[in-house]
Amino acid sequence: MRHWLIKSEPDVFSIDHLAKVKREPWSGVRNYQARNSMWKDMKPGDLALFYHSNAVPPGVAGVARVVGDAYPDPTQFDEASEYFDPKATKENPRWWLRDFEFVEKFPMYIPLQEMKEDDALQGMVILQKGTRLSITPVEAAHYKRVCKLGGGKGK
DNA sequence: GCCAACGTTGGC
DNA sequence: GCCAACGTTGGC
């Protein structure tokens, strides 16, 4: 099993929102690297740290789990959507997504700053300067460490 | 296929 | 709101 970190702006979609709806299609990813992660590299059952970007402060709020197989992101076909992609067709979809289900919200929120200062987390992709990827792989040891900092079970 | 211009992300 | 980083676009 692999571990991931998925970013979301809490103003748009937060861990609390996921807790309420239980399961959510991760739509709107329009970056090829992040798409490839969701499409090819993720497997059902993989666990992901739920990261709040553009938050004050930014940080990890909890855990979500990959559910089911990848399928075409429906928003790419929807002209009314901000994620509409005129170059995508039903025969040849460009953007793929998976559903994520709520696992837990950490008892303690883990600010980005705390992660930066944690010796055990050095090397995490999210901590690299200039990383804007919305979906990144996370090493198992880093995943465990973040869950510990958050006081969560991690699964 | 190069690369300048432009757009977006996201921490601060 | 600023701006560094970096992905994408499009002219050539």
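Keep in mind that this is a model prediction, so the values were computed, not measured. We name chains A, B, ... by the order of the sequence lines, and we start the count at 1 in each one.
For the pairing with A/W95, the ring-ring contact (aromatic ring centres under 6.0 Å, His included) check across A/Y83, A/Y32, A/W26 returns one residue only, A/Y32. Remark: of the listed residues A/L112, A/I110, A/I6, A/L112 is the sole one forming a side chain to side chain contact (heavy atoms under 4.5 Å, CB included) with A/Y51. Tested against A/D73 for a salt bridge (charged side-chain N to carboxylate O under 4.0 Å, His left out), the candidates A/K90, A/R30, A/R35 yield a single pass: A/R30.
The pair A/R145-A/D118 meets the salt-bridge criterion, with a side-chain N (NZ, NE, NH1 or NH2) lying under 4.0 Å from an Asp/Glu carboxylate O.
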Before giving the answer on salt bridge (Lys or Arg N to Asp or Glu O under 4.0 Å), spell out for A/D16 and A/K105 the whole-Å C-alpha distance, their side-chain angles and the decisive distance to 0.1 Å. CA-CA 8 Å; A/D16 290 329; A/K105 179 181 178 178; 3.0 Å; yes
Test salt bridge (Lys or Arg N to Asp or Glu O under 4.0 Å) applied to A/D99 and A/R23, step by step: CA-CA 7 Å; A/D99 287 1; A/R23 176 173 174 162; 2.9 Å; yes
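A heavy atom lying under 4.0 Å from DNA chain C marks none of the residues of residues 109-126 of chain A.
Checking A/R94 against A/K129, the closest nucleotide of DNA chain C that is more toward the 5' end is the one next to A/K129.
Atom CD of A/Q122 is surrounded by more than 12 heavy atoms from other residues, nucleotides or ligands within 6.0 Å.
The backbone N or O of A/V66 lies less than 3.5 Å from no partner atom in the side chain of A/R98, so there is not a single donor-acceptor pair.
Along DNA chain B, read 5' to 3', the first and last nucleotides having any atom under 4.0 Å from a heavy atom of chain A are B/dG7 to B/dC12.
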